[in-house]
There are 2 protein chains.
Amino acid sequence: MNSSIAHCDASETLKNAGLAKTSQRMAVLEKLIGAPGPLTARDLLAETSQRLKINRVTIYRILASFRDGGIVREIDAGGGTAYYEMACRHNPIHPHFHCRRCDCLICMPPLTLSQTWEWLTRPTDFSVESINVHITGVCGPCREKEYCNDVASERNTR
Amino acid sequence: MNSSIAHCDASETLKNAGLAKTSQRMAVLEKLIGAPGPLTARDLLAETSQRLKINRVTIYRILASFRDGGIVREIDAGGGTAYYEMACRHNPIHPHFHCRRCDCLICMPPLTLSQTWEWLTRPTDFSVESINVHITGVCGPCREKEYCNDVASERNTR
DNA sequence: GGCTATTTGCATATTAGTTGCATTTGTGTT
DNA sequence: AACACAAATGCAACTAATATGCAAATAGCC
Ligand SMILES: [Mn+2]
Ligand SMILES: [Mn+2]
Ligand SMILES: [Zn+2]
Ligand SMILES: [Zn+2]
């Protein structure tokens with residue numbers, strides 16, 4: 001549900017993803033591994049820059065490389081700021097609760113949609129104001145275009 | 001499911017919401033009423049500015065007044081851009097599908113969470129890549145603070 | 001230890017959205 | 001119809017998240 005229990009060796013995680021072990025990446029990854037909940041780029045900059053020299057842009061690039069390497073999940077909680085959490089086997093995909101007052105993001109149990117619905121209707125320590133089901137993918141027209149591109153690139157590579 | 005069928009008189013809608021009938025508001029509202037799907041501030045600026053003089057900031061302020069007046073719903077589809085659609089009785093709340101390729105937002109049938117889940121697992125003309133349940137509200141600690149504030153303000157107003 | 005590709009830092013750009021203030025406009029009143 | 005005032009608009013400047021180009025630093029490999 002969260003990643004506060006120490007798990008996943010940072011060095012090993014980087015190696016497995018084929019990413020070079022730099023001090024900046026290690027610092028960011030260690031913070032993510034030890035975090036009690038999802039963090040923003042801003043959070044990570046604030047925390048890591050106390051220990052070493054690291055640039056804002058580097059944080060963004062590191063997070064993008066982690067996301068693309070499957071190390072972290074990028075959570076778009078709305079409000080234009082992305083949150084990040086470990087995407088390891090100790091932390092399966094789960095819904096999030098976003099407090100509109102303090103902007104914190106709270107991890108919820110990894111349940112199916114209908115189980116989540118049930119879970120939310122039980123009394124909890126926070127008050128739910130809206131549930132947004134946000135489905136992402138590729139639309140009909142775009143899928144056709146993608147398919148054509150796939151065929152075309154396949155054709156070009158042989 | 002969408003608002004492409006003409007409905008809701010723009011003038012009347014403004015009057016009911018107690019908002020002054022300006023040419024800019026009329027232009028924005030008419031576009032929203034006639035839209036086949038949710039629109040961004042950018043979309044609305046592009047479309048309305050062909051017909052009259054209207055500023056980018058005015059669009060944002062108009063949309064905020066419509067949102068606060070219950071005329072439109074603000075949809076945060078992630079990616080830092082808000083979409084807007086009519087919030088009239090012809091257009092009940094429903095989930096949205098967001099195409100990561102063309103960034104379009106497609107309205108889905110107004111079903112419950114579990115019905116939506118079923119609906120998504122049936123073959124559709126678009127391919128679903130991720131389903132994000134995004135719950136907003138007030139967290140435990142913040143709720144206590146809000147409660148205290150409520151009590152305090154109640155105490156002060158008498 | 002040195003070579004090379006990758007990563008980082010810094011400056012600068014972009015994009016969505018907001019704010020302050022002067023000007024214009026809608027609306028209710030004479 | 002003219003008037004008066006509050007509300008709405010335009011414009012410029014600002015914020016915040018994120019992206020990009022390029023030169024300098026550094027990790028991984030021999
Ligand atoms: Mn989580
Ligand atoms: Mn819709
Ligand atoms: Zn909170
Ligand atoms: Zn598309």
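Reminder, nothing fancy here: chain letters follow the sequence lines and each chain counts from 1. What you are looking at is a predicted structure, and each value in this text was computed from that prediction instead of being measured.
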Checking B:Thr48, B:Thr40, B:Asp43 against B:Ile59 for side-chain contact (heavy atoms from CB on, under 4.5 Å), the one that qualifies is B:Thr48

How many whole angstroms separate atom CZ of A:Arg67 from atom P of D:dT18? 10 Å

In whole Å, what is the span from the CZ atom of B:Arg25 to the P atom of C:dT27? 9 Å

Look at the side chain of A:Leu19 and decide which nucleotide, out of D:dA16, C:dT7, D:dA8, has an atom nearest to it. C:dT7

Considering the terminal five base pairs at each end of the helix from C:dG1-D:dC30 to C:dT30-D:dA1, what angle separates the two local helix axes, rounded to 10°? 30°

Whole-Å distance between D:dT9 P and B:Met26 CE? 13 Å

For B:Phe97 and B:Phe126, I'd like to know if the aromatic rings sit close, meaning centre-to-centre distance below 6.0 Å. yes

Just by modelled atom types, is the A:Ala20 backbone N or O under 3.5 Å from a matching donor or acceptor in the A:Arg25 side chain? yes

Whole Å only: how far is the CD1 atom of A:Ile62 from the P atom of C:dT6? 17 Å

Return the orientation label for the A:Tyr83 and A:His98 ring planes: parallel under 30°, perpendicular over 60°, tilted otherwise. perpendicular

Between B:Ala82 and A:Val57, who's closer to the 5' end of DNA chain C by nearest nucleotide? A:Val57

Which residue lies more 5' along DNA chain D, comparing B:Arg56 with B:Gly18 via nearest heavy atoms: B:Gly18

Show the numbers, then the answer: is there a side-chain contact (heavy atoms from CB on, under 4.5 Å) between A:His94 and A:Glu85? CA-CA 11 Å; A:His94 50 267; A:Glu85 69 180 359; 3.2 Å; yes

Check: B:Asn91 and B:Arg73 side chains under 4.5 Å, non-hydrogen atoms: yes

Please state whether the phosphate of C:dT6, meaning OP1 or OP2, lies under 4.0 angstrom from any side-chain nitrogen or oxygen of A:Thr22. no

So B:Cys139 and A:Arg101, do their side chains get closer than 4.5 Å, heavy atoms only? no

B:Arg42 side chain N/O closer than 4.0 Å to the phosphate oxygens (OP1, OP2) of C:dA16? yes

Phosphate contact (C:dG9 OP1 or OP2) by A:Gln24 side-chain N/O below 4.0 Å: yes

Regarding A:Arg61, tell me which of base, sugar-phosphate or nothing describes its non-hydrogen contacts under 4.0 Å with the strands shown. base

Send over the distance from A:Tyr60 OH to C:dA13 C1', rounded to a whole Å. 14 Å

Taking atom C1' of D:dG10 as reference, at what distance in whole Å does atom CD1 of B:Ile59 sit? 12 Å

Could you check how far NZ of B:Lys53 sits from P of D:dT9, rounded to whole Å? 13 Å

Proximal nucleotide (of C:dA11, D:dA27, C:dT27) relative to the B:Ala20 side chain: C:dT27

Do the side-chain N or O atoms of B:Asn55 get closer than 4.0 angstrom to the phosphate oxygens (OP1, OP2) of D:dT9? no

Whole-Å distance, A:Lys21 NZ to D:dC29 C1', equals 16 Å

